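Whatever order the structure lists them in is the order used to number ligands and atoms, beginning at 1. Numbers for residues simply follow the sequence, beginning at 1. Every value quoted in this text rests on a predicted model; they were computed, and no experiment measured them.
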Amino acid sequence: MLSQLTALLLSLLTAFSVSLDTLAADLAPDGYLMLVNRDYMLASDYVPEDLVYVQVKHSSSAYQMRADAAKALEALFAAAKEEAGLTLYAHSGFRSYQTQHSVYQRKIKNMKNLAKARLLVADPGASEHQLGLAMDVKGHPDDKLNAAFGKSKAGLWLAENCWRFGFIIRYKEEWTDITTYAYEPWHIRYVGTAHAAVLKEMDIPLEQYVEMLRSLAAENLLNGDTP
Ligand code: ZN
C-alpha cells in the first residue's frame, strides 16, 4: 500500500511528465535536485562548471548562478516587474567553499551563541550557495536579510510566484527541525519548473522530497508502474 503522500507525489510527477530518466538525471551529482545540507556536504573544491553572472539588478558583486538557474532568475525578476511593478535585486548567488568558510567564521565570532549562529549560517560545504543554484533576493538594496522580508511586498510575491520559474523557498519557518536552518524567506533555490510545481503542491522540504524520490526511483514506481 502506498502512503497518501507517495500516491500524491506519483500523480503529480505524472501530471508534470517527470520520467524515471529525467528523475535520475535530476538526482545525480550536478543535477538540479542535488541536496546539500549538513548531512550531504560538498567537497571543498566543488565549483559548478557553468556559472554565469545573472543579467538582473544586483545589490552586491556576488551574483553568479549556473546558466539555467540564471535564465530562470532573469525571467522571474522580469515577471515581478511586469506583473507587480516590483524591482528585485540579486544579493548573493554562488559562494565558494572558501568564501563560505569566512562567512561562517565571522558569524560564529560575532554571535556568542554557537547553536543560534548555526541556525543562520551554513558550515563550509553545507551551503546551497556553493551549488550555484541559490540566490538571496532583496526588494531594495538596503533591505536586511531577515524574517520581515517574508511579509514585504517583494517577499510575498516571491513566495507566491517563484515556483513558476523553477524556484522554491528552501527554508520555511515550520521546517527548521528538518533543514536545521532558520526561516529564510529571501533564499530561493532552483530545482527546475516541474519539481518546483510539484513541491508547491506538496509543501514539503527538499530533504523529504528527495528522500521520497530516491525510494520511488529505487522501487521503479514511476511511469504508471503500479505495485
Ligand atoms: Zn541564501
Please confirm whether Tyr46 and Tyr97 have ring centers closer than 6.0 angstrom. no
Does anything in residues 141-152 pair up under side chain to side chain donor-acceptor pair (under 3.5 Å), and if so which pairs, sequence neighbours excluded? none
The number of protein N, O or S atoms lying under 2.8 Å from the Zn ion (ligand 1) is 3
Below 4.5 Å, heavy atoms only, C-beta onward: do Ile169 and Glu184 meet side chain to side chain? no
Listed pairs under 3.5 Å, donor-acceptor, residues 69-80 side chains, sequence neighbours left out:
unit_1: Glu74; atom_1: OE2; unit_2: Gln55; atom_2: N; d: 2.8

Which residue pairs pass the salt bridge (charged side-chain N to carboxylate O under 4.0 Å, His left out) test when at least one of the two sits in residues 205-215, sequence neighbours left out? Arg170-Glu207
With under 30° as parallel and over 60° as perpendicular, where do the rings of Tyr190 and Tyr32 fit, or are they tilted in between? perpendicular
